[in-house]
Undergrad: 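Before we start, here is the structure in question, set down as C-alpha cells.
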Amino acid sequence: MAHVVPLLDQPSNYKDSQNRVDRQAQFETLSKSTTLYIGNLSFYTTEEQIYELFSKCTSPEEGGGVKRIIMGLDRNTKTPCGFCFVEYYTHAEALACMRYVSGTKLDERVIRCDLDLGYKEGRQYGRGKSGGQVRDEHRQDYDAGRGGWGAQAQRLEMERRREVEARYQDATDGPDAVAGGGGDWKDRGDSTVLKRGRSPGDEGDGGSRAVRSRKEREQDDE
C-alpha cells in the first residue's frame with residue numbers, strides 16, 4: 001500500500017538540458033538541495049507575495065527560513081515571466097514546501113514546485129525565442145495572468161494581418177484597382193479652381209435689388 005499514493009516530496013523526472021550531470025549525480029544533488037523551482041506563476045505576482053507564502057513552512061527558530069528569492073525574467077524586457085527560484089537554509093524546509101505548497105493557488109493560479117539542482121547566474125532569464133518561457137512560445141490560448149495570447153498565437157495573428165494587408169495592396173494596384181477615395185486632387189500643384197457664375201437669384205444680386213428699392217422709396221418720400 002505504500003506505493004499506491006505517490007509521495008508529495010519527490011522531485012519530478014525533469015532534467016535541465018543545460019546541466020551536464022548524469023542521472024545518478026542529479027539524484028544525489030537533489031537529495032540535498034535547498035532550492036525550489038516555482039512554475040505557473042502570474043506575471044503580476046510580486047516577490048513579497050512569494051515570500052509570504054513560502055515562508056509558512058520554514059523554521060526560523062531553528063535557524064531556517066527563506067534565504068533568497070530569484071524572480072524569473074524575460075530576457076529582453078527584464079520583466080517577470082512566470083517562474084522563480086526559492087532558496088532555503090535547509091533541505092527539510094524545501095521538502096516541506098513541496099508537500100504543502102505545491103498545487104495550491106497563488107494569485108488564482110495553481111503553482112508547481114519542484115526541487116532544483118541549485119541556482120546559477122543566468123538561469124533567471126527565460127529560454128524562449130521571444131525572451132520568455134518556452135511553454136509560452138507554444139501556448140495558443142489567452143491567459144491574462146501570462147501576458148495575454150501565447151507567442152505562437154501572436155505570430156499567427158501577425159501572419160494573418162500581413163496576408164490581409166498584402167491582399168489589400170494587390171487590390172489597389174494594377175488595371176483592376178479599386179478606387180482609393182478621390183483624395184488625390186489635394187496633392188496636385190494646379191491651383192486653378194473653376195467656379196460657376198452668379199445667377200439672378202444669388203444673395204449678392206438680391207442685395208443690390210434691395211439697395212435700389214430703398215433709394216426709390218426715399219425719392220417717393222421727397
Side-chain angles (χ1 to χ4, degrees), residues 6 8-21 23 26-27 29-30 33-57 66-88 94-95 97-166:
L8 300 178
D9 57 0
Q10 292 299 305
S12 69
N13 292 323
Y14 170 77
K15 187 178 186 303
D16 187 358
S17 60
Q18 296 186 1
N19 197 306
R20 304 305 179 187
V21 300
R23 284 289 184 181
Q26 176 178 330
F27 178 79
T29 303
L30 291 177
S33 175
T34 61
T35 304
L36 288 180
Y37 171 87
I38 316 301
N40 202 38
L41 291 172
S42 168
F43 286 5
Y44 307 102
T45 300
T46 63
E47 186 174 337
E48 289 77 12
Q49 290 175 283
I50 296 171
Y51 182 86
E52 181 180 359
L53 176 61
F54 284 88
S55 62
K56 294 183 181 300
C57 298
V66 176
K67 186 175 181 180
R68 62 173 176 168
I69 296 173
I70 301 97
M71 299 295 293
L73 303 175
D74 186 290
R75 186 175 61 253
N76 300 323
T77 62
K78 303 301 185 290
T79 56
C81 64
F83 72 98
C84 74
F85 298 93
V86 178
E87 188 174 322
Y88 292 93
L95 290 181
C97 275
M98 285 191 64
R99 291 191 188 103
Y100 305 119
V101 178
S102 184
T104 61
K105 279 190 174 183
L106 179 60
D107 263 356
E108 300 302 320
R109 302 184 67 83
V110 178
I111 59 175
R112 303 188 308 272
C113 306
D114 197 9
L115 281 175
D116 190 79
L117 295 175
Y119 171 76
K120 292 182 180 179
E121 186 62 32
R123 291 191 63 198
Q124 73 270 36
Y125 297 121
R127 298 177 181 176
K129 293 181 179 179
S130 61
Q133 287 191 271
V134 176
R135 63 179 294 237
D136 289 319
E137 294 287 335
H138 303 285
R139 186 168 54 81
Q140 299 189 36
D141 61 335
Y142 183 85
D143 191 336
R146 304 284 297 190
W149 293 101
Q152 183 172 349
Q154 293 181 22
R155 285 194 295 269
L156 293 175
E157 176 63 17
M158 291 177 63
E159 292 176 1
R160 186 191 67 82
R161 290 184 179 182
R162 282 196 292 266
E163 291 177 358
V164 171
E165 291 175 357

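No hydrogens, no waters, no symmetry mates; every other heavy atom, side chains included, goes into these values. Positions are given from 1, in the same order as the sequence printed here.
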Undergrad: Hey, are R139 and D141 close enough for a salt bridge, meaning a charged N less than 4.0 Å from a carboxylate O?
TA: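 The answer is yes: the pair qualifies as a salt bridge.
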Undergrad: So, Q124 side chain and G122 main chain: donor-acceptor pair closer than 3.5 Å or not?
TA: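 Flag set: sc Q124 to bb G122 pair under 3.5 Å.
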Undergrad: What closest approach, in Å, do D74 and G132 show between heavy atoms, and which atom pair accounts for it?
TA: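 Of all heavy-atom pairs spanning D74 and G132, the closest is OD2-N, 3.4 Å.
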Undergrad: Could you report the tightest heavy-atom contact between F43 and P80, atom names first, then the distance?
TA: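 F43 and P80 have their closest heavy atoms at O-CB, 3.6 Å.
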Undergrad: How about K129: does its NZ atom have over 12 heavy atoms from other parts shown lying under 6.0 Å from it?
TA: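 Open.
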Undergrad: Within the side chain of S55, is there an N or O that forms a donor-acceptor pair under 3.5 Å with the backbone of Y51?
TA: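 Yes.
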Undergrad: Has Y88 got a side-chain atom pairing as donor or acceptor with R68's backbone, closer than 3.5 angstrom?
TA: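 No, because the side chain of Y88 does not come within donor-acceptor range (under 3.5 Å) of the backbone of R68.
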Undergrad: Looking only at non-hydrogen atoms, find the nearest pair between V110 and G103 and report the distance.
TA: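 So the minimum-distance heavy-atom pair works out to CG1-O, 3.6 Å.
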Undergrad: Taking atom types as modelled, find out whether R146 and N40 have a side-chain donor-acceptor pair closer than 3.5 angstrom.
TA: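 Short answer, no.
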Undergrad: For A144 versus Y44, what's the shortest heavy-atom pair and its separation?
TA: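 Closest approach of A144 to Y44, heavy atoms only: O-CE1, 3.5 Å.
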Undergrad: With a cut-off of 6.0 Å (strictly less than), are more than 12 heavy atoms of other residues, nucleotides or ligands near CD of E52?
TA: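 No.
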Undergrad: List the atom of C97, the atom of L36, and the distance in Å for their closest heavy-atom pair.
TA: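 Nearest pair, atom of C97 first, then L36: CB-CD1, 3.6 Å.
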Undergrad: So, using salt bridge (charged side-chain N to carboxylate O under 4.0 Å, His left out) as the criterion, who are the partners of K67 when residues are at least two apart?
TA: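 Counting only residues at least two positions away or on another chain, K67 forms a salt bridge (charged side-chain N to carboxylate O under 4.0 Å, His left out) with E87.
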Undergrad: Side chains of L115 and T35: closer than 4.5 Å at any heavy-atom pair?
TA: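 Of all side-chain heavy-atom pairs linking T35 with L115, none is under 4.5 Å.
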Undergrad: Assess K120 against F85: is NZ or CZ under 6.0 Å from the centre of the six-membered ring, and within 45 degrees of the ring's axis?
TA: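 No - K120 does not lie over the ring of F85 by the 6.0 Å and 45° rule.
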Undergrad: Using side chain to side chain donor-acceptor pair (under 3.5 Å) as the criterion, list what pairs up with T79, not counting sequence neighbours.
TA: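 So T79 forms a side chain to side chain donor-acceptor pair (under 3.5 Å) with T77.
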Undergrad: Applying salt bridge (charged side-chain N to carboxylate O under 4.0 Å, His left out), name anything that partners D116, two or more places apart in sequence or on another chain.
TA: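 For D116 the salt bridge (charged side-chain N to carboxylate O under 4.0 Å, His left out) partners, ignoring immediate neighbours, are R123.
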